[in-house]
Amino acid sequence: MYKQYKAETQRLMGMMVNSIYTHKEIFMREIISNASDALDKLCYIALTEQIEGYDRSKLEIRVSFDKPNRLLTVEDNGIGMNEDDLENDLGVIARSGSLDFNVKLQQAGTDDDLSGLIGQFGVGFYSVFMVADKVTVRTRRYDCSQGYEWSSGGAEGYEIRPCEVPVRGTTVILHIREDGDEKDEYSQYLREYPVYKLIRKYSDYVRWPIRMRLPHPELKPGCGPAAPEYTEVFDYETVNSMCPIWKKKRSEVSDGEYEEFYKEHFDDKADTLKVMKVSVDGNVSYEALLFIPSEVSADYGSEGYKRGPELYSGGVKIMEHCEALLPDYYSFVRGVVETGDVSLNVSRELLQQDRQLRMISQSVEKKIRGSLEQMLSDERDVYERFFARFGRHLKACAMEDFGKNRDKLQDLLLFVSSKENKPVTLKEYVAGMKPDQKYIFYTVASTVEEAASLPQTGVLKERGYEILYFVDKVDELVTQMFGNYHDIQFKSVVNGELGLDEVVGAQAGGEDQKVLDYIRTVLGGRIDEVRLSSRLGSHPVILTSGDGITFEMEQYFKSLRPDMPVHAKKILELNGTHAAFAKLKDAIGAEPERAEKYVEILYQQGRMMAGLKTEDPVAYTELICSLW
Ligand code: ADP
Ligand code: MG
C-alpha cells in the first residue's frame, strides 16, 4: 500500500533530494549507527528474554555492493522492525516531534539552512536520500515470523508490503543516484575503498564488527609458482577497530575526534567546553568519556530533559540515561560510562541502588569537580563561559536541601566583584580582604552599573574595599542560605553596620538630634529609625534595613506570598554635613510647611536610592514642583 509522507517529512525530503549539502557522506554514518543501535537493542533484550537463534558472537553489520545495479547494501542481524515500527519509525522524521525542529524546518529556504538543520538536529535515516534515488528496507523483527519491505523513491511517499525475510534483522538497500555534472559524485559510494574510508572515519568506534566484502588476490588453481596467476575473490572482512572511543587511551584520540563523536552522538552542533576522559581501575573499575557542552540544550531545565550518562556494561548499553551516576548539580554533563562491575540482570530500578554504581557515581562526581576546579584555575575564560551558561543552576543546587551540597559547590560559584567588574570566587574575595575588614561586602542591584553607582559602594571603593555585586536574583538568596563563608559573614553595604571605623548614628549633637526627632514625627510609622551617617560620601540620604532581612528579601518573599509576615526595617540615614540637611534644619523653625516637604522628598529619595519604588510618583512630582 502506497502512503504519503506527512507534510514536514515531505518538506525535508524535498530538501534532501535537491540538496547540494557538502557532507552527503554522513549518510553512511547514519545507517551504520542505526544498525549498531539495532544490535544494542537486541542484545539488551537478550539479557532477559530467550531469543531464538540468538548468538551474541554472530551479531554484525555487513556492507556490500552490487555495482552493475548501482546498489549499496547495509545489513544487520539486530532487533528488526515489524509493520508498525516501519510505519512509525521510518514514516516520519524521528526528530519531527521537536517543536524547534518544525519551526526551523518551516523557515528553511536555502541549502545553508538545511546544513544547519542537519548539523543541529541530525536527520538520521533520511540522509540516505541525499545519495540514493530509491531506498528499500527489508526487515524482520526478532519476535515475528513475518518480514516486511519498506520502499520509497523520495519526496512523495513510501510503500510497505509483507515479504519473505529469511533471517532476523534489517537490510537497507540504497539505489545510488547517477552522477550529474560532477564526476564520481555518487558513484564513489559504489566502490570499496571510499566506503571503507567513510566507515573508518565515522564509525570506527562502533563496537559491533562492520564487515565489508573486500577483494583479495588468490592464486589461480593449476598455475605453478613459476608463473603465478591471481584472481580476485571477495571475502567479508572486519574494517572497524571496534574499540569504542571512550575505551581508547587519551593519547590515541585527537581533540577533533572527541568533538566529532560528541556532536554526532549527542546531537549538538556546538563544540564542547570540556572533554573529560576518565579511566579508573581500583575498588571499582570504569571508563568514562564526559563532556561539558558549551550551549544549554533546548530542553535543559525542562521536565523532558534527561540527566545522566549512557551506561554500558560488558559491552551492552543498558541505560540511555543513568541518573544514579550523576548528581543533579552536574546534570549538564553528558557522556558515556562503561563498567564491567554492575550486574546486568538487575532491573533498572534496583540498579539505581547498586553499591558499585554508587561508588562509580562518587568517583565521577569527584572527576567532574576536579575538572571544573582545574578549568577555574587554568582556563579562566573557559570557566567564565561555562559559568555564564550553567552557573545559575550550580547556585540553585548549592542552596537546595538546606545547603546539603554547599561544601562541594561553594568554591565553584562566581560573583561579580567591584574590582574591574569581573567575576570572582568567594575564596578569591576573602584572599583580597583588607586587614580590618570583618565581612564580605555585597550589594544587590539589577545591573553592574547600578551597583557601582550606589553611594555606599562608592564610599567603600574609594577606601579600597572590594564589594560583590549581586546582579543575579539568586545571589543574595545563596549567600543568605550560606550565612557565612569560612566563618566570615556576608554583609550588605546598604544595610547595617559594616564593622569599619565608620560613624553611624550615635553622636548626633543636640541641634542635629532635634532635626532627627522632627523627621521621625513627620514620617511616623513609615520608618523604623532615623540617624546620621558618615558613609554617604556626597549623597544626602539613604534608606537602609539594618542587620535583619533586606529590602530585596522582603520583596522576594512578598512576591511569593503577598501576605507573608516579613518586614524589613526601614532606617533613614542622613548625611549631617550635606547642604540639604542644613537647609532642613533652618526651615524647621522658619518655614514649617516647607520643612515637611523637605522631609518627604528626602524620604522618597532614600527609597529610590535603595531600589524601592516612590510611594506615589504623582504626589512626589507635584511636591517638587511646589517648591519652585
Ligand atoms: P534515530 O536513529 O535518531 O532514532 P533515525 O532517523 O536514524 O533516527 O531512525 C529512525 C528509527 O528507525 C530508529 O529510531 C529505529 O527505530 C528505526 N531504525 C532505523 N534503522 C534501523 C535498523 N537498522 N534496525 C532497526 N530499526 C531501525
Ligand atoms: Mg539514527
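Whatever order the structure lists ligands and atoms in, that order sets their numbers, starting from 1. For the numbers below, each heavy atom of this structure counts, side chains included, while hydrogens, waters and symmetry mates do not.
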(message) Test your reading of the structure: does Glu30 have an N or O sitting under 3.5 Å from an N or O of ligand 1?
(response) no
(message) In terms of relative ring orientation, are Phe332 and His393 parallel, tilted or perpendicular, with 30° and 60° separating the classes?
(response) perpendicular
(message) Holding to ring-ring contact (aromatic ring centres under 6.0 Å, His included), I want the full list of residues that pass it with Tyr196, two or more places apart in sequence or in another chain.
(response) none
(request) Identify, by atom number and element, the atoms of ligand 1 in contact range of Phe125, meaning under 4.0 Å from any of its heavy atoms. (result) 5 (P), 6 (O), 7 (O)
(request) Identify the heavy atoms of Arg207 and Pro244 that sit nearest to each other, and give their distance. (result) NH1-CG, 3.9 Å
(request) Return yes or no for this condition: an N or O of Asp89 is under 3.5 Å from an N or O of ligand 1. (result) yes
(request) Please identify each residue that fulfils salt bridge (Lys or Arg N to Asp or Glu O under 4.0 Å) with Lys274, with sequence neighbours left out. (result) Glu379
(request) Heavy-atom distances under 4.0 Å are what count here, so tell me which part of Leu90 touches ligand 1: side chain, backbone, both or neither. (result) side chain
(message) Using side-chain heavy atoms (C-beta onward) and a distance below 4.5 Å, is Ile245 in contact with Val253?
(response) yes
(message) Heavy-atom pairs closer than 4.0 Å: do any link ligand 1 to the side chain of Val137, the backbone, both, or neither?
(response) neither
(request) Output yes if Asn34 passes the N/O/S-under-2.8 Å test against the Mg ion (ligand 2); output no otherwise. (result) yes
(message) For ligand 1 and Tyr126, I'd like to know whether there is a polar contact (N/O to N/O, distance under 3.5 Å).
(response) no
(request) Take the angle between the ring planes of Phe261 and Phe291 and call it parallel below 30°, perpendicular above 60°, tilted in between. (result) tilted
